[in-house]
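Okay, structure first, notes after.
Letters A, B, ... mirror the listed sequences (proteins, then strands); counts begin at 1.
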There are 2 protein chains.
Amino acid sequence: MKFIEKLRNSGLRPTKQRLQICEVLFNTERTFHFTINELEQKIKDKIDNKISLATIYNTVHAFEKKGYLKQIPVNSNQTYFDTNITDHHHFYNLKDGKLIDLENSDVGPINIKRKIDGKKIKSIEVLVKLED
Amino acid sequence: MKFIEKLRNSGLRPTKQRLQICEVLFNTERTFHFTINELEQKIKDKIDNKISLATIYNTVHAFEKKGYLKQIPVNSNQTYFDTNITDHHHFYNLKDGKLIDLENSDVGPINIKRKIDGKKIKSIEVLVKLED
DNA sequence: TTCCACTTTATAATGGTTCTAAATAGCTGT
DNA sequence: ACAGCTATTTAGAACCATTATAAAGTGGAA
């Protein structure tokens with residue numbers, strides 16, 4: 001249905017696996033953060049067939065390249081992704097490794113005054129580390 | 001000399017290896033960013049004896065814990081460290097993976113309006129990704 | 001000097017991620 | 001519906017940064 005179009009429009013074949021991963025990632029009330037391991041678990045819980053780990057990696061990277069997912073810059077042994085692709089920032093709870101979205105209104109506009117020749121700004125991301 | 005005191009004051013024994021790594025990291029005109037691999041190379045270039053890779057990891061982590069180094073939150077397969085431990089931000093050149101310091105005056109103050117119960121802010125870090 | 005906890009070291013183990021190559025499945029044109 | 005082509009999936013191997021291990025070495029206090 002809706003995801004078939006979405007995938008086709010971006011040049012990705014709407015395979016069974018991709019559509020199922022779309023359901024898990026995008027057919028939700030709210031956006032969320034995840035690691036590949038967490039996504040693998042969510043997929044296991046929600047669908048009955050098996051999707052190979054390699055396919056999950058492939059798909060997540062394909063979706064990220066198409067702009068349907070964003071990587072979150074955090075130092076961790078795993079890569080964190082976000083289904084919220086709007087410009088926004090994050091709290092990072094060092095205790096449990098959990099992320100919390102920060103609305104732009106919680107941070108205020110960020111104005112980068114310095115320019116680098118021949119480069120343009122692709123993104124501005126703020127990470128606020130939290131401790132007890 | 002100066003590094004012996006520094007180490008002793010923070011409860012780290014001033015071993016030959018740690019002092020040599022201090023020379024490479026802190027006896028410089030300017031601060032710099034590095035990965036463990038880059039540091040390993042720098043050490044090979046500057047000293048004649050060999051320091052085990054495990055010792056380099058141990059030392060970098062010990063120095064980070066004591067606040068002599070900072071990790072930079074970037075998504076990369078390697079961990080980036082910074083010898084500039086003042087509060088500041090970074091440009092990240094996606095093309096070559098190089099980091100550039102941003103002065104606070106280049107970014108302006110960042111005021112996080114939202115609070116999380118029972119947590120306090122440890123750091124606020126801005127990463128500005130650059131593309132061509 | 002002696003002793004002991006701290007440190008270094010080589011090497012193995014770990015674990016997230018990427019690669020490989022063969023099997024499978026969309027899709028287009030007939 | 002079918003053939004043929006290319007994209008995709010898959011299991012498993014490979015990769016590689018990082019961490020763990022356990023034995024040897026070292027700093028420093030008494």
Problem - Lys120(A) with Asp132(B): basic N within carboxylate O range, under 4.0 Å - result: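 Result for this pair is no, no salt bridge flagged.
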Practice task
Could you tell me whether Thr35(B) contacts a base, only the sugar-phosphate backbone, or nothing, with contacts defined as non-hydrogen atoms closer than 4.0 Å?
Solution key: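 Result for Thr35(B) = nothing.
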Exercise for the section: Give one of base, sugar-phosphate or nothing for Thr55(B), where a contact means two heavy atoms less than 4.0 Å apart. Expected result: base
I need the [atom1]-[atom2] distance between [X] and [N], as an integer number of Å.
X: Gln20(B); N: dT7(C); atom1: CD; atom2: P; answer: 16 Å
X: Ile56(B); N: dT8(C); atom1: CD1; atom2: P; answer: 11 Å
X: Gln78(B); N: dT18(C); atom1: CD; atom2: P; answer: 14 Å
X: Ile21(B); N: dT7(C); atom1: CD1; atom2: P; answer: 13 Å
X: Phe81(B); N: dA17(D); atom1: CZ; atom2: P; answer: 14 Å
X: Leu12(A); N: dC27(C); atom1: CG; atom2: C1'; answer: 15 Å
X: Ile43(A); N: dT10(D); atom1: CD1; atom2: P; answer: 10 Å
X: Lys65(A); N: dT8(D); atom1: NZ; atom2: C1'; answer: 14 Å

Phosphate-side-chain proximity, [X] and [N], N/O vs OP1/OP2 below 4.0 Å:
X: Gln17(A); N: dT10(D); answer: yes
X: Asn77(B); N: dC16(D); answer: no
X: His61(A); N: dT18(C); answer: yes

Practice task
Using the six-membered ring of Phe26(B), assess whether NZ or CZ of Lys2(B) lies under 6.0 Å from its centre and within 45 degrees of the ring axis.
Solution key: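 The answer is no, since Lys2(B) fails at least one limit relative to Phe26(B).
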Practice task
Validate the cation-pi geometry between Lys6(A) and Tyr68(A): distance from NZ or CZ to the six-membered ring centre under 6.0 Å, angle to the ring axis within 45°.
Solution key: yes
Exercise for the section: Find which nucleotide of DNA chain C each of Leu53(B) and Gly11(B) is nearest to by heavy atoms, and output the residue with the more 5' nucleotide. Expected result: Gly11(B)
Between [options], which nucleotide gets closest to the side-chain atoms of [X]?
X: Arg18(B); options: dT7(C), dG27(D), dA20(D); answer: dT7(C)
X: Thr15(B); options: dT8(C), dT9(D), dG16(C); answer: dT8(C)
X: Pro14(A); options: dT9(C), dT7(C), dC27(C); answer: dC27(C)
X: Asn58(A); options: dG16(C), dT8(C), dT9(D); answer: dT9(D)
X: Thr79(B); options: dC19(C), dG16(C), dT18(D); answer: dT18(D)
X: Arg13(A); options: dT6(D), dT9(C), dT9(D); answer: dT6(D)
X: Tyr57(B); options: dT9(D), dT7(C), dT19(D); answer: dT19(D)

Practice task
With DNA chain D as reference, determine whether Arg8(B) or Tyr80(B) sits nearer its 5' end, using the nearest nucleotide of each.
Solution key: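 Per heavy-atom nearest nucleotide, the more 5' residue is Tyr80(B).
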Exercise for the section: State whether the number of non-hydrogen atoms from other residues, nucleotides or ligands found under 6.0 Å of Asp117(B) atom CG is greater than 12. Expected result: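 Not buried by this count: 12 neighbours or fewer within 6.0 Å.
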Problem - NZ/Lys95(A): more than 12 non-hydrogen atoms of other groups inside 6.0 Å - result: no
Exercise for the section: Determine whether the side chains of Ser105(B) and Glu103(B) contain a donor N or O and an acceptor N or O closer than 3.5 Å. Expected result: no
